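Shown next, in structure tokens, is the structure this report addresses.
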Amino acid sequence: MQIQLAMVVLEVRDLDASIAFYRRLGLDIPDPAGDRPIVIHRMPSGVSLLLTTSFASVYDPDFRRPSGGYQQLLEFYVGEDALVDSVWAELTEAGYHGRMPPAKTAGPYAAMVDDPDGNVILLTSDEAASPDSR
């Protein structure tokens with residue numbers, strides 16, 4: 001069997017704020033079930049995004065939130081360049097921190113915005129990131 005990335009887990013501070021951000025980004029994030037501090041969204045690519053307030057912080061005694069900077073970027077393929085512009089504008093106008101405005105990079109047309117926990121979201125029109133490019 002070939003190893004596959006199945007899920008990205010984000011330990012978040014405020015589940016409701018994170019759900020609102022990812023819904024605004026365009027994901028169909030469900031409401032949490034009952035009082036469980038977790039939601040899972042499976043994307044067409046097959047990778048799931050899991051948001052939780054208590055996984056690493058409960059099960060890993062050495063867990064510490066990053067203080068300053070960021071450790072990863074989550075790339076979301078949004079389609080053509082104009083959609084990168086549109087999603088960037090919607091998120092930044094809603095008050096989310098814009099880290100890099102839409103621009104042609106050495107690779108794809110891209111923009112970066114922070115989610116409520118400071119995770120960097122890379123918005124691209126890079127066909128290589130499209131679920132259809134497999």
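As the structure is a prediction and not an experimental result, all values here were calculated from the model. Numbers here are sequence positions counted from 1. Reckoned from all heavy atoms, side chains included, excluding hydrogens, waters and symmetry mates.
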Report yes if the side chains of [X] and [Y] come closer than 4.5 Å at any heavy-atom pair, otherwise no.
| X | Y | value |
| --- | --- | --- |
| Ile38 | Leu50 | yes |
| Asn119 | Gln72 | yes |
| Leu74 | Tyr22 | yes |
| Leu123 | Pro102 | no |

Specify the closest pair of heavy atoms between [X] and [Y], including all atoms of both residues, with the distance to one decimal.
| X | Y | value |
| --- | --- | --- |
| Thr92 | Gly98 | CG2-CA, 3.8 Å |
| Met100 | Ala110 | CE-O, 3.2 Å |
| Pro101 | Ala111 | C-CB, 4.0 Å |

Name the atoms and distances for all side-chain donor-acceptor pairs under 3.5 Å in residues 75-83, with sequence neighbours left out.
{"from": "Glu75", "atom 1": "OE2", "to": "Thr124", "atom 2": "OG1", "distance (Å)": "2.9"}
{"from": "Tyr77", "atom 1": "OH", "to": "Glu127", "atom 2": "OE2", "distance (Å)": "3.1"}
{"from": "Asp81", "atom 1": "OD1", "to": "Ser125", "atom 2": "OG", "distance (Å)": "2.6"}

ILVMFWY cluster, [X] and [Y] together (side-chain gap under 4.5 Å):
| X | Y | answer |
| --- | --- | --- |
| Leu15 | Val9 | no |
| Met7 | Phe63 | no |
| Val58 | Leu51 | no |

task = Decide yes or no on side-chain contact (heavy atoms from CB on, under 4.5 Å) for Asp28 and His41, but give the supporting numbers first.
result = CA-CA 7 Å; Asp28 187 20; His41 171 71; 4.1 Å; yes
Q: Look up atom CG in Asp115 and atom CG in Leu91, then write down how far apart they are to the nearest 0.5 Å.
A: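 Answer rounded to 0.5 Å: 10.5 Å.
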| message | As an exercise, state the distance from CG of Leu122 to OG1 of Thr105, rounded to the nearest 0.5 Å. | response |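 The OG1 atom of Thr105 is 8.0 Å from CG of Leu122, to the nearest 0.5 Å.
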Exercise. Which pairs count as side-chain hydrogen bond (donor to acceptor under 3.5 Å, both in side chains) when at least one residue sits in residues 50-69, sequence neighbours excluded?
Worked result: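 The answer is Glu11-Ser57.
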For [X] and [Y], does a side-chain donor sit closer than 3.5 Å to a side-chain acceptor?
| X | Y | result |
| --- | --- | --- |
| Asp85 | Tyr109 | yes |
| Ser18 | Asp117 | yes |
| Asp114 | Tyr96 | no |

Using the rule given for side-chain contact (heavy atoms from CB on, under 4.5 Å), can you reason through Ile121 versus Phe21, listing the C-alpha separation, both sets of side-chain angles and the distance that settles it, and then say yes or no?
CA-CA 11 Å; Ile121 306 305; Phe21 172 85; 3.8 Å; yes
Report task. Report the C-alpha separation of Val87 and Leu25 in whole Å, then their side-chain angles, then the decisive distance to 0.1 Å, and conclude whether the side-chain contact (heavy atoms from CB on, under 4.5 Å) test is met. Result -> CA-CA 7 Å; Val87 173; Leu25 179 61; 3.8 Å; yes
- Task: Please lay out, stage by stage, how His97 and Val113 fare under the test side-chain contact (heavy atoms from CB on, under 4.5 Å).
- Result: CA-CA 6 Å; His97 176 254; Val113 64; 5.7 Å; no
Expected output: side-chain Arg23 to main-chain Ile29 donor-acceptor under 3.5 Å |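 Looks like yes, one N/O pair under 3.5 Å.
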